[in-house]
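Let me begin by presenting the structure, written as structure tokens, before commenting on it.
Residue numbers run from 1 in the order of the sequence given.
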Amino acid sequence: MSVETLIAGVLIVVGIAGILLPVLPGLILVLAGVAVWAVPRNDAVGWTVLGLAVAIVVAGTVAKYLLPGRRLRDSGVPGRTIAAGGVLGVVGFFVIPVVGLFLGFVLGVYLAERARLREHAQAWPSTRGALAAVGWSIVIELLTGLLATGVWIGGLLLG
């Protein structure tokens with residue numbers, strides 16, 4: 001096993017972990033891992049694998065933002081509510097590392113919806129809708145990372 005393959009594997013594993021724990025730029029690390037393996041090869045297999053991985057990551061990134069965003073708009077959750085969740089998520093990350101990101105996001109969305117709608121009975125369904133959209137975003141990103149990893153493994157087997 002070459003040094004490039006080992007480094008690529010580590011970057012890909014860390015990238016997949018970064019998708020599940022949104023502290024690291026997961027898909028970027030997965031793509032960097034594939035590139036670390038493909039570029040030094042400088043052959044058709046390497047460039048094809050890298051091209052496919054880039055196409056998968058681009059398509060997955062677009063889907064990650066379009067599909068959950070549409071779902072949020074359909075449920076009536078305004079953008080400022082998501083922004084409030086994002087801000088409190090960042091604050092929460094520093095107050096309670098890693099877990100605080102999720103807790104802060106939920107609290108931010110709930111508080112913004114509670115202020116907007118004035119009642120818990122109306123704010124909670126909006127909060128659940130926002131959480132479902134974020135969950136779908138993570139699932140799409142994870143599937144994208146795993147698909148790009150699968151292309152890389154296919155290149156390893158071919159190459």
Under 3.5 Å, side-chain donor or acceptor atoms of residues 13-40 against the rest of the protein: list the pairs with distances, not counting sequence neighbours.
none

Going hydrophobic residue to hydrophobic residue with side-chain gaps under 4.5 angstrom, can you get from [X] over to [Y]?
X      : Y     : answer
Leu50  : Val58 : yes
Val3   : Ile12 : no
Leu67  : Tyr65 : no
Phe105 : Val87 : no

Gap between atom CG of Leu101 and atom CZ of Phe94 - 0.5 Å precision: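 Going from CZ on Phe94 over to CG on Leu101, the span is 9.5 Å.
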Spacing of Arg80 atom CZ and Ile82 atom CD1 [to the nearest 0.5 Å]: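 These two atoms lie 11.5 Å from each other.
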4.5 Å side-chain heavy-atom contact, Trp47 and Asn42: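 The answer is yes; the side chains approach within 4.5 Å.
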Check: Ser126 and Leu117 side chains under 4.5 Å, non-hydrogen atoms: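 Leu117 vs Ser126: side chains touch.
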Minimal non-hydrogen separation, Pro125 against His120, with atom names: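 Minimum heavy-atom separation between Pro125 and His120: CD-O, 4.3 Å.
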Heavy-atom closest contact (Ser2 atom, Thr5 atom, distance):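 The pair with the smallest heavy-atom distance is OG-OG1, 2.9 Å.
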Identify every side-chain donor-acceptor pair in residues 129-156 under 3.5 Å, counting partners at least two apart or on other chains, and give the distances.
unit_1	atom_1	unit_2	atom_2	d
Glu141	OE1	Lys64	NZ	3.1
Thr144	OG1	Ile140	O	2.8
Thr149	OG1	Gly145	O	2.8

Check against side-chain hydrogen bond (donor to acceptor under 3.5 Å, both in side chains), Glu113 and Thr81: CA-CA 7 Å; Glu113 285 298 276; Thr81 295; 2.7 Å; yes
Counterpart residues, salt bridge (charged side-chain N to carboxylate O under 4.0 Å, His left out), relative to Arg114 (two or more places apart):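 So Arg114 forms no salt bridge (charged side-chain N to carboxylate O under 4.0 Å, His left out) with any residue.
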